[in-house]
Amino acid sequence: MLIKKVESIGISTFQAVERLGFAMRLFWDSFYWLIIGRRYKQKVRLRQVVEQIRVNGFDALPIVMALCFVVGMMLSIQLLYALSDFGAESQVLLAIAKSVTREFSPLITGVIVAGRSGAAIAARIGSQVVSQEIDALKVIGIVPVRYLVLPPLLGLMVSMPLLVICADFMAIFGGAIFSAHELNMSINAYMLESFNVLIVGDVLQGLIKSVVFGIIIVLVGATTGFYVTGGAEGVGKATTSAVVISISFIVLADMIASYFLTQ
């Protein structure tokens, strides 16, 4: 039993390292073909990137804005209750503005996009692996990485910061809806004061995180899709795994980025 457990741990570790290396290779190959693809008639088409921005960014905007609005309101409720014990209710505005732009907006956006786009990327590539469409692409001279990975990678690197900016605004607005009355302020005054207390570094921290989260979502989804086995059942398992792994890496990357960006 002990030997079997050790073997299982070793196999799992080997597979994890192998997939990590494959994901890094996908990232490298994507930008390699972005730079030299035109020379080999493998250029990325702007229409594909724009379509990915629409699918992964614009289509996710309503749910991102709605959830961030609710989170901003929830933060205002909890912070007003907590700070009232110290008579520091006026600091709610500062706390919400900075916590939303630095932490909550990019994290919530990353989780939502991972559930939508990460699963879709894994399912799309996984189904093409099962149906041998990947082999067909190679036969007709199309590089799979350039065709399947690079467009969503560029699309999310562009759309994620835009989503986070909208999420920041909605979260602060959600906080204003509840807190403005408690602080004897108008909503317009609350919003203006929130933007005044923010510095460039606060917003930039969230934007940097969002780009990293977008890269993680695409690489995890694509790697999981390329490793699909077992037909339709394997595609379903890969979709679930892509979402779980993406969210796990997003939380881990968020912790590491928060540590280094606040030093």
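Using a 4.5 Å heavy-atom cutoff, the side chains of Ile11 and Gln15 are in contact. Contact of the Phe27 side chain with the Tyr32 side chain is not registered, since no non-hydrogen atoms from C-beta on lie closer than 4.5 Å. For the pair Gln48 and Arg146, the minimum side-chain heavy-atom distance is below 4.5 Å. Proximity of Val197 to Leu93: side-chain heavy atoms (C-beta onward) are separated by under 4.5 Å at one or more points. Taking 4.5 Å as the limit, every side-chain heavy atom of Val49 sits out of range of all side-chain heavy atoms of Arg45. Residues Ser194 and Tyr190 meet the side-chain proximity criterion, which asks for heavy atoms closer than 4.5 Å. By the 4.5 Å heavy-atom criterion applied to side chains, Leu148 and Arg124 are counted as neighbours. Side-chain contact between Leu156 and Val113: present, with at least one pair of heavy atoms (C-beta onward) separated by less than 4.5 Å.
Remark: Lys98 does not engage Glu103 in a salt bridge, criterion side-chain N to carboxylate O under 4.0 Å. Using a cut-off of 4.0 Å between Lys/Arg side-chain N and Asp/Glu carboxylate O, Lys4 and Glu7 are scored as not salt-bridged. At a threshold of 4.0 Å, the pair Lys237-Glu233 counts as salt-bridged, since one of the basic side-chain nitrogens sits closer than that to a carboxylate oxygen.
Ring centroid separation for the pair Phe249 and Phe213 does not come in under the 6.0 Å cut-off.
No donor-acceptor distance shorter than 3.5 angstrom exists from the side chain of Ser8 to the backbone of Lys5, with no hydrogens or angles considered. A distance-only check finds a donor-acceptor pair linking the side chain of Ser99 to the backbone of Ile96 [under 3.5 Å]. A side-chain donor-acceptor contact under 3.5 Å links Asn56 to the backbone of Gln52. Checking side-chain atoms of Ser246 against main-chain N and O of Val243 turns up no donor-acceptor pair under 3.5 Å. For Lys209 (side chain) and Arg102 (main-chain N/O), a donor-acceptor pair under 3.5 Å exists by modelled atom type.
The cluster map of Ile, Leu, Val, Met, Phe, Trp and Tyr, joined by side-chain heavy atoms under 4.5 Å apart, puts Ile187 and Leu183 in the same cluster. Under a hydrophobic-cluster definition in which Ile, Leu, Val, Met, Phe, Trp and Tyr are linked whenever side-chain heavy atoms come within less than 4.5 Å, directly or via other members, Met65 and Val158 are assigned to the same cluster. Linking ILVMFWY side-chain heavy atoms closer than 4.5 Å, directly or via other members, places Ile134 and Val130 in two distinct hydrophobic clusters. Val71 and Val64 fall within the same hydrophobic cluster, where Ile, Leu, Val, Met, Phe, Trp and Tyr residues are linked whenever their side-chain heavy atoms come under 4.5 Å apart, directly or through other members. Under the 4.5 Å side-chain heavy-atom criterion for Ile, Leu, Val, Met, Phe, Trp and Tyr, Ile9 and Val6 are members of distinct hydrophobic clusters.
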Open item on the list: Evaluate Trp33 against Lys43 for side chain to side chain contact (heavy atoms under 4.5 Å, CB included), listing each step before the verdict.
Closed with: CA-CA 7 Å; Trp33 287 108; Lys43 66 178 182 179; over 6 Å; no
TODO: Show your working on side chain to side chain contact (heavy atoms under 4.5 Å, CB included) between Phe195 and Phe169 and close with a plain yes or no.
DONE: CA-CA 9 Å; Phe195 295 140; Phe169 178 83; 3.8 Å; yes
- [ ] Please assess Val218 against Met157 for the test side chain to side chain contact (heavy atoms under 4.5 Å, CB included), listing each intermediate value before the final yes or no.
- [x] CA-CA 10 Å; Val218 174; Met157 290 178 68; over 6 Å; no
- [ ] Please report the C-alpha distance between Leu67 and Ile112 in whole Å, then the side-chain angles of each, then the deciding distance to 0.1 Å, and finally whether the side chain to side chain contact (heavy atoms under 4.5 Å, CB included) criterion is met.
- [x] CA-CA 9 Å; Leu67 286 183; Ile112 293 172; 3.3 Å; yes
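Here CD1 of Ile172 is found 5.5 Å from CG of Leu198. Values are rounded to the nearest 0.5 Å. We find the CG-CD1 distance between Leu252 and Ile216 to be 8.0 Å, quoted to the nearest 0.5 Å. Residue Ile53 holds its CD1 atom at 12.0 Å from CG of Asp59, rounded to the nearest 0.5 Å. Separation of atoms SG (Cys68) and CZ (Phe104) is listed at 10.5 Å; rounding is to 0.5 Å. For the atom pair CG of Leu26 and CD1 of Ile215, the computed distance is 13.0 Å after rounding to the nearest 0.5 Å. Between the OG1 atom of Thr239 and the CD1 atom of Ile121 there is a distance of 11.0 Å, given to the nearest 0.5 Å.
In this structure, Gly214 and Met160 approach most closely via the heavy-atom pair CA-CG, 4.0 Å. Gly110 approaches Ile217 most closely through the heavy-atom pair O-CD1, 3.6 Å. When all heavy atoms of Ser30 and Val149 are compared, the closest pair comes out as OG-CG1, 3.6 Å. Contact record, Ile247 with Ala114: CG1-CB, 4.1 Å, taken as the closest heavy-atom pair. Closest approach of Val164 to Ser210, counting heavy atoms only: CG2-CB, 3.4 Å. Of all the heavy atoms in Leu80 and Ser179, the pair that sits closest is CD1-OG, 3.8 Å.
With a 6.0 Å radius and a threshold of 12 heavy atoms from other residues, nucleotides or ligands, Tyr227 has its OH atom above the threshold. Heavy-atom neighbours of Phe58 CZ from other residues, nucleotides or ligands within 6.0 Å: at or below the threshold of 12. More than 12 heavy atoms of other residues, nucleotides or ligands lie within 6.0 Å of CZ in Phe31, so this atom counts as buried by the packing criterion.
The closest side-chain donor-acceptor pair between Ser105 and Asp168 falls under 3.5 angstrom.
Between Phe22 and Phe226, the ring-plane angle classifies as perpendicular under the 30° and 60° cut-offs.
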